[in-house]
Amino acid sequence: QVRLTESGGGSVQAGGSLRLSCATSEAVIKSYCIGWFRQTPGTDGNEREGVATISPFSSLTYYANSVKGRFTASLDNAKNTLFLQMTDVKPEDSGTYYCMASQSYCSSLEGKYFPYSGQGTRVTVSS
C-alpha cells in the first residue's frame with residue numbers, strides 16, 4: 001500500500017519561503033519515484049503540473065523550469081519523508097500541492113504517470 005501524507009501548506013507573502021513535507025514508508029522511499037505536483041487556477045481540469053520529482057535514494061532530481069533555482073526537493077531517508085523547500089515564492093505558485101509516486105518514469109513531470117497521490121496541501125501566496 002502506498003501511503004502519502006502531505007503537510008506544511010499555508011499562506012505566505014510573495015518573496016517568502018515555505019517547506020512542504022510528505023510522509024511515506026520506507027518501501028516507497030526505496031523503490032518509487034516520488035515527487036511534488038500542483039493544481040493551480042491556471043491548470044486545465046484535473047491536470048496536475050509537475051514541480052519536482054526525485055528518484056530512489058535521491059540519485060536524480062528533476063524540476064519544472066518555472067521553479068528551478070527557487071524550489072528544492074529532498075529526501076530524508078531516515079524519516080521516510082520527502083520535502084519541498086520553496087523560496088522566493090510567487091502568486092502563481094498558489095495552488096494545492098500533491099505528493100505523488102510512481103514505480104517508473106522518474107524523469108517525467110506528467111501527473112498521469114504517477115498513479116499514487118496524497119490528499120494535498122494548500123499553498124496561498126499573496127502579492
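Along the sequence shown, the residues carry numbers beginning at 1.
- Scanning both residues, S127 and P91, for their nearest heavy atoms gives CB-CG, 3.9 Å.
- Looking only at distances, no side-chain donor or acceptor of Y98 sits under 3.5 Å from a matching main-chain atom of E6.
- Here the side chain of Q13 pairs no donor or acceptor atom with the backbone of S126 at under 3.5 angstrom.
- What you find for R70 and S66 is that their closest heavy atoms are NH2-O, 2.8 Å.
- Under the 3.5 Å distance criterion, the side-chain polar atoms of T53 are matched with a main-chain donor or acceptor of C106.
- For the atom pair L84 CG and Y63 OH, the distance stands at 8.0 Å (nearest 0.5 Å).
- Residues satisfying the side chain to side chain donor-acceptor pair (under 3.5 Å) test with R38, not counting sequence neighbours, are E49, D93, Y97.
- If you take CG on D88 and OG on S17, they are separated by 8.0 Å, rounding to the nearest 0.5 Å.
- With rounding to the nearest 0.5 angstrom, the CG atom of L82 is 10.5 Å from the CG atom of N77.
- Under the 4.5 Å side-chain heavy-atom criterion for ILVMFWY residues, a single connected hydrophobic cluster contains both V89 and V123.
- In this structure, T24 contributes its side chain and N80 its backbone to no donor-acceptor pair below 3.5 Å.
- To the nearest 0.5 Å, atoms CE (M100) and SG (C33) are separated by 12.5 Å.
- The two atoms that bring T121 and G9 nearest to each other are OG1-N, 3.0 Å, heavy atoms only.
- The CG atom of D76 sits 8.5 Å away from atom CD1 of I29, with the distance rounded to the nearest 0.5 Å.
- Within the 4.5 Å cutoff, the side chain of P115 has heavy atoms near those of the S102 side chain.
- Identified under the ring-ring contact (aromatic ring centres under 6.0 Å, His included) test for residues 106-127, with sequence neighbours left out: Y32-Y116, F37-F114, Y105-Y113.
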- Task: Please lay out, stage by stage, how V125 and M86 fare under the test side-chain contact (heavy atoms from CB on, under 4.5 Å).
- Result: CA-CA 11 Å; V125 181; M86 306 167 65; 5.8 Å; no

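- Remark: the backbone N or O of L60 is paired with a side-chain donor or acceptor of S55 at under 3.5 angstrom.
- Side-chain atoms of I34 and L75, non-hydrogen and from C-beta on, do get closer than 4.5 Å to each other.
- Cluster membership for L20 and V12, using ILVMFWY side-chain heavy atoms within less than 4.5 angstrom, is shared.
- Applying the side chain to side chain donor-acceptor pair (under 3.5 Å) test to S117 and every residue at least two apart in sequence or in another chain returns R48.
- Residues W36 and V2 are members of one and the same hydrophobic cluster, defined by side-chain heavy-atom contacts under 4.5 angstrom among Ile, Leu, Val, Met, Phe, Trp and Tyr.
- Contacts classified as disulfide (SG to SG under 2.5 Å) and involving residues 60-101 (residues at least two apart or in different chains) are given here: C22-C99.
- When all heavy atoms of A64 and G50 are compared, the pair lying nearest together is CB-O, 3.3 Å.
- Under the rule for a side chain to side chain donor-acceptor pair (under 3.5 Å), the partners of T40 that lie at least two apart in sequence or sit in another chain are T43.
- In this structure, T61 OG1 and F71 CZ are separated by 15.0 Å, a value rounded to the nearest 0.5 Å.
- Residues R3 and S25 fail the side-chain proximity criterion, which asks for heavy atoms closer than 4.5 Å.
- Scanning for side chain to side chain donor-acceptor pair (under 3.5 Å) contacts around T96 gives R122, with sequence neighbours left out.
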